[in-house]
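As structure tokens, the structure follows; a few thoughts come after it.
Just so you know, these numbers use all the heavy atoms, side chains as well, and skip hydrogens, waters and symmetry mates. Along the sequence shown, residues are numbered consecutively beginning with 1.
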Amino acid sequence: MERENIAVGLDIGTTKIVAMIGRKNEYGKLEILGIGKSRSLGVARGVVNNITQTISSIQQAVQEAEANSGYKIKDVVVGIAGQHIRSIQHSDYISRSNPEEVIDGQDIQLLIDQVNKLAMLPGEEIIHVLPQEFKIDGQSEIKEPIGMYGGRLESSFHVVVGQASSIRNVGRCIQSSGIELSGLTLEPLASSDAVLSQEEKEAGVALIDIGGGTTDLAIFKDGIIRHTAVIPFGGNVITDDIKEGCSIIEKQAELLKVKFGSAWPGENKDNEIVSIPGLRGREPKEISLKNLSKIIHARVVEIVEQVFSEIKSYGHEDPRKKLIAGIVLTGGGAQLQHIKQLVEYITGIDTRIGYPNEHLAGNSAEEISSPLYATAVGLVMNSIGNKSQSAIRLDKQMVSQPTAVQSRTVRELEQPEAELETVEVEAPKKEVETTETKIRRSFFDKYVDKIKDFLDNAE
């Protein structure tokens, strides 16, 4: 029997932790087998600040995903975010000893290893080294150098840097939760895998992922990542503003934002009022929706302007760097009413909301194709790329409590795909391993090994 390629992604966010188990179906689409979600305690602005609480939140999400799917999780691909992430542009070259031989993967690896030796600020480590265009003997704009002749191989790189301690803390939490770390991915990269099409990446697009604690930005042009940034504000600061501005507790502020919140004050009439129950028998509070959306509007404008200044620093006004596909908003914050209109108004760039349903199988639950799960879906896709078996099917006896829900969920997920949307199905494309995927993989294997060694020696 062939080994199942089951993939697992773990999104450690500021407001929620999501464990997602999936596999590719016969049409090359992603079929989600199980999902577990827990409240994220111990994470602030994308960075772990309480190891014990984070471990218990991870375990809760993992157990729920296992119970929903009937699979036991072995290892996960994890998203890295947080305000400590920064990116730099860097160019480097190697002189090949034998220009008469064609360039192969080893030459590119040599070049990348050289970039990995770059001196960073104390306490920082390189997370991603992403080659952009290559140059061979002065000939520029080469996207795929393998198989070509040349003596001097040069490339520009997008280097993503983060704090070593923050990354190791994430590794420690995962190990202590009883699972292995199989890969790390920058969260905006994972989200972009889930919600952007290849055409958009070619045309030029900015992905804005508005999470609870951070807002992530990834800009693509000509199919290549050009700019990444993490802004340390997200949905939670909006909730805090509502809490302070309306003198209510956090839970009520979050509910108000989700149910009645709008980023555009003009939408609410002056006489629309929500009554909020007072604490312990106190008088109920009356809050005008117009005031509520004014509070939200002020904070969202601030977040969008910060993101826009990052887009400007990339240089989107240069005709060669134009974002033809505009902006794509995703993450929980993208569900805020009228946020699309506000982003268009501030930036003057066409905007759409990004749902991660581009790569999902037709029978996926509606909940999963919400912008909320974009990063988790992207991490599962990343895990599929590792070709590993990240989870094993549990025998009936092994499942501690075979609940009715569990068996039903598994049955629903294994419906014959043929009944669903067979018309639109493309034949699965043969996956050709490009330079980029090879690089991403080999670099991550090394990096994850480095973290594992560090954790093993620390004990």
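The shortest non-hydrogen separation linking Leu10 to Leu379 is O-CD1, 3.3 Å.
A donor-acceptor pair shorter than 3.5 Å can be found between the side chains of Ser370 and Gln335. Using modelled atom types, one finds a donor on one side chain and an acceptor on the other under 3.5 Å when comparing Ser191 with Thr375. Donor-acceptor pairing under 3.5 Å is recorded for the side chains of Gln114 and Asp92. No donor-acceptor contact under 3.5 angstrom links the side chains of Thr330 and Asp209, judged on distance only.
Counting only heavy atoms from C-beta outward, the side chains of Glu180 and Lys74 never approach each other to under 4.5 Å. Looking only at side-chain heavy atoms (C-beta outward), Gln389 and Asn5 stay at 4.5 Å or farther from each other. Residues Ile55 and Arg172 are not in side-chain contact: their nearest non-hydrogen atoms beyond the backbone lie 4.5 Å or more apart.
Heavy-atom contacts from other residues, nucleotides or ligands closer than 6.0 Å to CD of Gln198 number more than 12.
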Which atom pairs, one a donor and one an acceptor, fall under 3.5 Å between side chains of residues 159-166 and the rest of the protein, sequence neighbours left out?
{"residue": "Gln163", "atom": "OE1", "partner": "Ser166", "partner atom": "OG", "Å": "3.3"}

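For the pair Arg23 (side chain) and Ile384 (backbone), a donor-acceptor distance under 3.5 Å is absent. A donor-acceptor pair under 3.5 Å is absent between the side-chain atoms of Ser155 and the main chain of Pro131, judged by distance alone. Remark: the backbone N or O of Lys321 is paired with a side-chain donor or acceptor of Tyr314 at under 3.5 angstrom. Side chain of Ser38 to main chain of Ser57: a donor-acceptor pair is present (N/O by atom type, distance under 3.5 Å, no hydrogens or angles). Using a distance-only test at 3.5 Å, with no hydrogens or angles considered, a donor-acceptor pair links the side chain of Thr215 to the main chain of Phe233. The backbone N or O of Gln53 lies less than 3.5 Å from a partner atom in the side chain of Asn50, making a donor-acceptor pair. In this structure a side-chain-to-backbone donor-acceptor pair under 3.5 Å is missing from Asp193 to Ala190. For the pair Glu154 (side chain) and Ser91 (backbone), a donor-acceptor distance under 3.5 Å is absent. Here the side chain of Lys340 pairs no donor or acceptor atom with the backbone of Ile353 at under 3.5 angstrom.
How far CD1 of Ile219 is from OG of Ser192: 12.0 Å, rounded to the nearest 0.5 Å. Remark: Ile224 CD1 to Leu130 CG distance equals 10.5 Å, nearest 0.5 Å. In this structure, CZ in Phe157 is found 9.0 Å from CG in Asn116, a value given to the nearest 0.5 Å. Taking CD of Gln60 as the start and CD1 of Ile58 as the end, the distance is 11.5 Å to the nearest 0.5 Å. Of the inter-residue distances, the one linking His359 atom NE2 with Leu196 atom CG reads 8.0 Å to the nearest 0.5 angstrom. We find the CG-CE distance between Leu118 and Met120 to be 4.5 Å, quoted to the nearest 0.5 Å.
For residues 232-243, the side-chain hydrogen bond (donor to acceptor under 3.5 Å, both in side chains) pairs, not counting sequence neighbours, are Thr239-Glu254, Thr239-Lys257, Asp241-Arg299.
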request  = In sequence, state the C-alpha distance, the side-chain angles, and the governing distance for Phe308 and His316, and then conclude on ring-ring contact (aromatic ring centres under 6.0 Å, His included).
outcome  = CA-CA 10 Å; Phe308 192 35; His316 75 110; 5.7 Å; yes
Residues Glu101, Tyr149; criterion side chain to side chain donor-acceptor pair (under 3.5 Å); working and verdict = CA-CA 6 Å; Glu101 278 180 9; Tyr149 290 98; over 6 Å; no
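Between Arg226 and Glu133, at least one side-chain nitrogen of the basic residue sits less than 4.0 Å from a carboxylate oxygen of the acidic one, meeting the salt-bridge criterion.
Geometrically, Lys143 does not engage Phe134 in a cation-pi contact defined by less than 6.0 Å to the ring centre and at most 45° from the axis.
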